[in-house]
S.K.: 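Sharing a structure below in structure tokens format, with a few things to ask.
Order of appearance sets the numbers: ligands from 1, and atoms from 1 within every ligand.
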Amino acid sequence: MIELVRYVDRPDLRARRREELNQFPEYLNHNAMGSKYWGRLYDDFPDFQLALVDEGDLLAEVHALTLTVHAEEMPRGWDEAFERGMESGGGNVASLLAISVKAAARGRGLPKLLIDGVRGVARERELDAVIAPVRPTLKDRYPLIPIERYMTWRREDGSHFDPWLRTHERLGAAIVAAAPDSMLIEASVTEWEEWTGMRLPDNGTYVVPGMLAPLEVQDGVGAHVEPNVWVRHEVPA
Ligand SMILES: CC(C)(COP(=O)(O)OP(=O)(O)OC[C@H]1O[C@@H](n2cnc3c(N)ncnc32)[C@H](O)[C@@H]1OP(=O)(O)O)[C@@H](O)C(=O)NCCC(=O)NCCS
């Protein structure tokens, strides 16, 4: 039976999560806010760090926090939401930071259980909404297309072109804004070469497999700005 648990109650699962669930490209583990705040999430927002487990099999997880958002004015992106949430320690909305489903368990609708879990906590706390800076999963095939355009792409049946945005919409979320500069990752060219497995011999703009937008290299430093899409889920009454 699949159970939704808090990592704070299951340190055994927390010890396994990085190896079993972290399937993000390596460079995403080196953004400034994550390095600064990730460990504190479990202490500051224990009710929002949740995992799905089936008889000891760690299937999926969500990390989220709360912050203050007025009306539809979204934070600039992931970095700002994370920093504001950690620095203010509370607020009127919950923001998802990351959802991960292990590869063998994808396509079974597990994100619904995680998002419903966060929405449930948000309802208990009487929060206004659950927002998310979504990382569209197919955007890496279109790294040169601006996110403002990509987020409008629809299939013939009207459903969203991007599978991950489609899931959010299917669960009732509305797309509210583009976040063209959601997350900044800046590091030396040597580090970028290690993370991407590519040689980066010169200054210039590089298209890197798996990245949602290009990598800019200038004088030994690589900078990547990840674009996301803000969505908003209502909290059940
Ligand atoms: C993004 C992610 C959480 C989605 O999880 P999921 O379990 O595939 O989600 P869903 O079951 O709701 O399916 C989402 C869509 O992707 C499709 N899909 C993705 N992977 C699939 C797979 N391995 N098998 C079948 N379908 C898959 C689903 O069919 C569905 O599309 P549909 O609308 O045509 O049905 C998961 O792919 C993941 O963990 N990716 C790596 C981390 C990441 O990028 N997280 C998101 C940023 S926070």
S.K.: Counting only heavy atoms, which portion of Arg108 has something under 4.0 Å from ligand 1: side chain, backbone, both, or neither?
M.R.: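 Arg108 to ligand 1: backbone contact only, side chain stays beyond 4.0 Å.
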
S.K.: Where's the contact between Val101 and ligand 1, heavy-atom distance under 4.0 Å: side chain, backbone, both or neither?
M.R.: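 Both backbone and side chain of Val101 come within 4.0 Å of ligand 1.
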
S.K.: Under 4.0 Å from atom 38 (C) of ligand 1, do we find at least one protein heavy atom?
M.R.: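 Yes, there is one.
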
S.K.: Regarding Arg155 and Ser159, do their side chains bring together a donor and an acceptor under 3.5 Å, going by distance alone?
M.R.: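 Result is yes, a qualifying pair exists.
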
S.K.: Taking a cutoff of less than 4.0 Å between a non-hydrogen atom of the residue and any ligand atom, is Lys112 in contact with ligand 1?
M.R.: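 Contact absent.
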
S.K.: With hydrophobic residues grouped by side-chain heavy-atom distances under 4.5 Å, do Trp192 and Val225 end up in a single group?
M.R.: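 No.
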
S.K.: Counting only nitrogen or oxygen atoms and a 3.5 angstrom limit, does Thr137 reach ligand 1?
M.R.: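 N/O-N/O distance below 3.5 Å does not exist for this pair.
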
S.K.: Verify whether one side chain among Tyr7 and Glu61 offers a donor that lies under 3.5 Å from an acceptor in the other.
M.R.: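 Indeed, the side chains of Tyr7 and Glu61 share at least one donor-acceptor pair under 3.5 Å.
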
S.K.: Between Thr190 and Glu193, do the side chains contain an N or O donor and an N or O acceptor separated by less than 3.5 Å?
M.R.: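 No, Glu193 and Thr190 have no side-chain donor paired with an acceptor closer than 3.5 Å.
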
S.K.: For Pro163 and ligand 1, does the shortest N/O to N/O distance drop below 3.5 Å?
M.R.: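 Such a contact does not occur with ligand 1.
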
S.K.: Do the side chain of Lys139 and the main chain of Ala213 share a donor and acceptor less than 3.5 angstrom apart?
M.R.: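 Checked: no pair found.
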
S.K.: Would you say that Leu13 contacts Val5 through its side chain, given a criterion of any heavy-atom pair below 4.5 Å between the two side chains?
M.R.: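 They are in contact (side-chain heavy atoms under 4.5 Å apart), so the answer is yes.
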
S.K.: Which protein heavy atom lies closest to atom 31 (O) of ligand 1, and at what distance to 0.1 Å?
M.R.: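 Scanning the protein heavy atoms, the shortest distance from atom 31 (O) of ligand 1 goes to Arg166 NH2, 3.5 Å.
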
S.K.: Within a strict 4.5 Å, meaning less than it, do heavy atoms of the Leu127 and Val93 side chains meet?
M.R.: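 Of all side-chain heavy-atom pairs linking Val93 with Leu127, none is under 4.5 Å.
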
S.K.: State, without any angle test, whether Arg17 and Gln49 hold a side-chain donor-acceptor pair at a distance under 3.5 Å.
M.R.: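 The answer is no; no qualifying pair exists.
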
S.K.: With Arg154 as the cation and Phe161 as the aromatic partner, state whether NZ or CZ is under 6.0 Å from the six-membered ring centre and within 45° of the axis.
M.R.: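 No, Arg154 does not sit over the ring of Phe161.
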
S.K.: Determine whether Val217 and Leu215 make a side-chain contact, defined as any pair of heavy atoms from C-beta on separated by less than 4.5 Å.
M.R.: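 When only atoms from C-beta onward are counted, Leu215 and Val217 do touch, with a gap below 4.5 Å.
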
S.K.: In terms of atom number and element, which parts of ligand 1 are under 4.0 angstrom from non-hydrogen atoms of Ala98?
M.R.: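 Checking each atom against Ala98, I get 48 (S).
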
S.K.: What do you reckon, does Trp164 have a nitrogen or oxygen under 3.5 Å from a nitrogen or oxygen of ligand 1?
M.R.: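 There is no such contact.
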
S.K.: What I want to know is whether Thr167 and ligand 1 share at least one N or O pair that is separated by under 3.5 angstrom.
M.R.: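 Right, the criterion is met.
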
S.K.: When you measure from atom 48 (S) of ligand 1 to every protein heavy atom, which one gives the shortest distance, and what is it?
M.R.: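 Answer for atom 48 (S) of ligand 1: Ile99 N, 3.4 Å.
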
S.K.: Starting from atom 43 (C) of ligand 1, which protein heavy atom do you reach first, and at what distance in Å?
M.R.: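 In this structure, atom 43 (C) of ligand 1 has Phe24 CE2, 3.3 Å as its nearest protein heavy atom.
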
S.K.: If you have a sec, work out which protein heavy atom is nearest atom 21 (C) of ligand 1 and how many Å separate them, to one decimal?
M.R.: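 For atom 21 (C) of ligand 1, the nearest protein heavy atom is Arg106 CB, 3.9 Å.
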
S.K.: Side chain or backbone of Leu96 under 4.0 Å from ligand 1, or both, or neither, by non-hydrogen atoms?
M.R.: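 Neither; no heavy atom under 4.0 Å.
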
S.K.: Between Gln23 and ligand 1, which residue portion shows a heavy-atom distance shorter than 4.0 Å: side chain, backbone, both, or neither?
M.R.: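 Within the 4.0 Å criterion, Gln23 makes no contact with ligand 1.
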
S.K.: Under the ring pair (Phe, Tyr, Trp, His ring centres under 6.0 Å) test against His63, which residue among Phe45, Trp38, Phe24, Phe48 passes?
M.R.: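 Output: one option passes, namely Trp38.
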
S.K.: Between Glu87 and Tyr37, is there a side-chain donor-acceptor contact under 3.5 Å, judged purely by atom types and distance?
M.R.: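 Yes.
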
S.K.: Considering heavy atoms of the protein only, find what lies nearest to atom 33 (O) of ligand 1 and give residue, atom and distance to 0.1 Å.
M.R.: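 The protein heavy atom lying closest is Arg170 NH2, 2.2 Å.
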
S.K.: Note the single closest protein heavy atom to atom 9 (O) of ligand 1, along with its residue, its atom name and the distance in Å.
M.R.: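 I find the closest protein heavy atom is Pro111 CG, 3.3 Å.
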
S.K.: Can a protein heavy atom be found under 4.0 Å away from atom 29 (O) of ligand 1?
M.R.: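 Looking at atom 29 (O) of ligand 1, one finds that no protein heavy atom lies closer than 4.0 Å.
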
S.K.: For ligand 1, which atoms, with element, lie under 4.0 Å from some heavy atom of Arg135?
M.R.: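 Heavy-atom distances to Arg135 below 4.0 Å select 47 (C).
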
S.K.: Could you identify the single nearest non-hydrogen protein atom to atom 27 (C) of ligand 1 and state the distance to 0.1 Å?
M.R.: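 Looking at atom 27 (C) of ligand 1, the protein heavy atom closest to it is Gly107 CA, 3.8 Å.
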
S.K.: Note the single closest protein heavy atom to atom 11 (O) of ligand 1, along with its residue, its atom name and the distance in Å.
M.R.: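 Going atom by atom, the protein heavy atom closest to atom 11 (O) of ligand 1 ends up being Gly109 N, 2.8 Å.
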
S.K.: Is a side-chain donor or acceptor of Asp140 paired with a backbone partner of Leu212 at a separation under 3.5 angstrom?
M.R.: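 No, the answer is negative, given that no donor and acceptor are paired below the 3.5 Å cut-off.
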
